[in-house]
Amino acid sequence: MTSEYRFTQPNTRVRLGKKKLVRVMRAKDIVEVIAWASVVAVIGMFLVDGGAKGINDITSASGAISRLTALIGTDLLLIHMLLVARVPWIDRLYGLDIATAKHKKLGKPILYLIVAHFIASLVNYAKLDGKNLWDEFVNMLLHVNDMLTATISLALMIVVVVTSLQIARKKLSYEAWWIIHLTSYLSVFLAIPHQISTGTDIAGKPLALFYWISLYIFVAGNIVWFRFLEPIFLSMTSGLKVVKTVRESSDSTSIYVGGRNLKKFGHKSGQFFILRVLTNGEWWRAHPFSLSAAPNSNFIRFTVGNRGDDTALLQKIKPGTRIILEGPYGIFTEDRRTREKVTLICAGIGAPPIRALAESMAARPGDLNIIYRVRDTDDAALAGELRELAQRRGFKLTLLEGSRGSDSSWMPAHPESMPDHDRIKLIAPSVDESDVYICGPAGWTHAVEKSLKRAGTPVSQIHAEEFAW
Amino acid sequence: MRTSTKVLSTIASLGVLGVSYVAGASAQVNSFGSGAIVAGGPTASGSAAGNITSGTITAGGTPTATTPSAAPQASASAAASTAASSGTSSTTASKPSGAGNTVASAPAASSGTSSSSSTSSGTSSNGGTSSSSSSSSTASSGSSSSASGSVTQSSGSIPYRFGTISITVTKSNGKITAIDTGSSSASGGRQGAFPYLVQYAIAAQGTNFSNLSGATYTTDAFKQALSAALAKF
């Protein structure tokens, strides 16, 4: 199968060496130090106000706990929201997958802090008023400013976190989870009034109030701009539309998206966009898809596999349908390359970003080594284009076909049961001194990473993108 | 995060938190002075933190210096103490400058020696006796100057967001011994904060205590009332 694809010119130069990574690490350090500093700052606010002083009974202790947990919890909550705001400056450093993983990790601790805040302040108020907890709870809801909204906020937060737990996620449809998760914005919003009217560390303290509001505005600004306004603005001004769809294999289809001035998106091979199809009932669904072709001025191409859910529907998308693209995202690009030699490894529908990288990476013949794990050589998405690229640019391409030998193996069965890490050295002899880019299902990717480490490839040279994040 | 950054930022964070803690612990150190009350005699030396007022009295019994920072009443009492220069027992009646206060102090008889007598002292931590001891003998020799005076002052009504605070402070021997929240009112269960605020204020002998969580405005208004009342002593 020979494609009729017109390849773009590859990059002519690339910066190599470890120095690049040092720069990234420095930038990461700055971002992380700022994040921690925001936590230290709120604890400082508490301490400067004498919060740790005069704690001598349950009332004063519960008061201090209430204040401290609220301050730290809310600060972390804002960071937590920023992590999924798909903010480019976070994505360029960590990648959205890592940012999303951190977001998930933070969810529960934040809830614990806020629940602790709720209990501590309830105890505090009850002691002050000499009431039991339930009477005090009712009293607070009815008589204390903004406590009703704050309590609703907490209830929503509990629902959001519980529905996001592993067990619940399995039982909920994506749609139900998504709608519930959206209410977290409402939850955050409803908590604001009580912070400003009764927050001991904020109410009546102009400097603290200024800092607090600045935090909110910064996070809200990033979310509103990067998640909503910018993608809509860019997509609308480009007039993005589906130009055509092309069948690539029995279960994959390429979608060509056209529009004006596509270069302004600034996308690179290996990155992905989040695609929204503007039709009734579909617009709200976000589909992350990797570029399957190097950036060019004519179209942005995605290759979509049929993964059961609504990707089947996407394959039948009609030319002329309007599209909104959010992105580009991801650090699975040549920017992270430090070595002359590169090994590209993909499986199944992980092929698109690898295919795009093979087209655009700066390389001399022999520099790139491509390994493509397929079920069936004759029915593999983009295999034709990869063959042609390999032939034209002098790269080695190995298609690994057949069912795997053992459960832990990522390769087809070997007649003499040779371990994967030895076999990869046969296919790509310089794998230990090359940058390795891996794209495939999570379990498979981990198996590849494992054998790469055993084959001697330093971790800093392994780049992986899981398409189900 | 790289290890070096981690170490550095941890140290910096701990430093910031330490400074914050210290700043918090010493926050709001009475900018308004916690009021000197003089009932004469050594008992005054026991009073807690506050402005240091040292009245130096010469052998002749004339007050030569009182620190300018001292509240007016300090000089007033110092002046009063000059009466003791006669060498006989003197009567020191503290005469607070504030108007409308009740002075319940019994005249303190100082059985001082001839040269000087009771010294005025603010609520100084180093005590009236020690500061005045630069002169010759002091009233400290006199054991008789008991003078357990207790004085009350009212704050007047301080309206705030959730009600009105009006307190009456009682000081005895320079110490805040009681605070009556009287006709103060606060909505939304906030009056429940009053006993705590009273307790904190007495423990701190002033407004140097941290805010009561959940009753920020009430705490602030209470402190305002307290300082207003204290300023009158």
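Naming: A, B, ... by sequence-line order, numbering from 1 per chain. Basis for what follows: all heavy atoms, side chains included, without hydrogens, waters or symmetry-related copies.
Minimum interatomic distance between Ala52(A) and Tyr21(B) (heavy atoms only, all atoms of both residues): CB-CE1, 3.5 Å. For the pair Leu17(B) and Gly44(A), the tightest heavy-atom approach, listed with the atom from each and the gap, is CD2-N, 3.9 Å. In terms of heavy-atom proximity, Arg2(B) sits nearest to Arg26(A) at NH2-CA, 3.4 Å.
The most heavy-atom pairs under 4.5 Å with chain A, out of Ser13(B), Pro195(B), Ser20(B), come from Ser20(B).
The distance from the CD atom of Gln199(B) to the CG atom of Asn56(A) is 6.5 Å, given to the nearest 0.5 Å. Expressed to the nearest 0.5 Å, how far OG1 of Thr198(A) lies from CZ of Phe162(B) amounts to 8.0 Å.
Within 6.0 Å of atom NZ in Lys20(A), more than 12 heavy atoms from other residues, nucleotides or ligands are found, so the atom counts as buried in its surroundings. For Leu16(A), the CG atom is densely surrounded, since the number of other residues' heavy atoms within 6.0 Å is greater than 12. Heavy-atom neighbours of Lys6(B) NZ from other residues, nucleotides or ligands within 6.0 Å: at or below the threshold of 12.
Only the side chain of Tyr200(B) has a heavy atom closer than 4.5 Å to any heavy atom of chain A.
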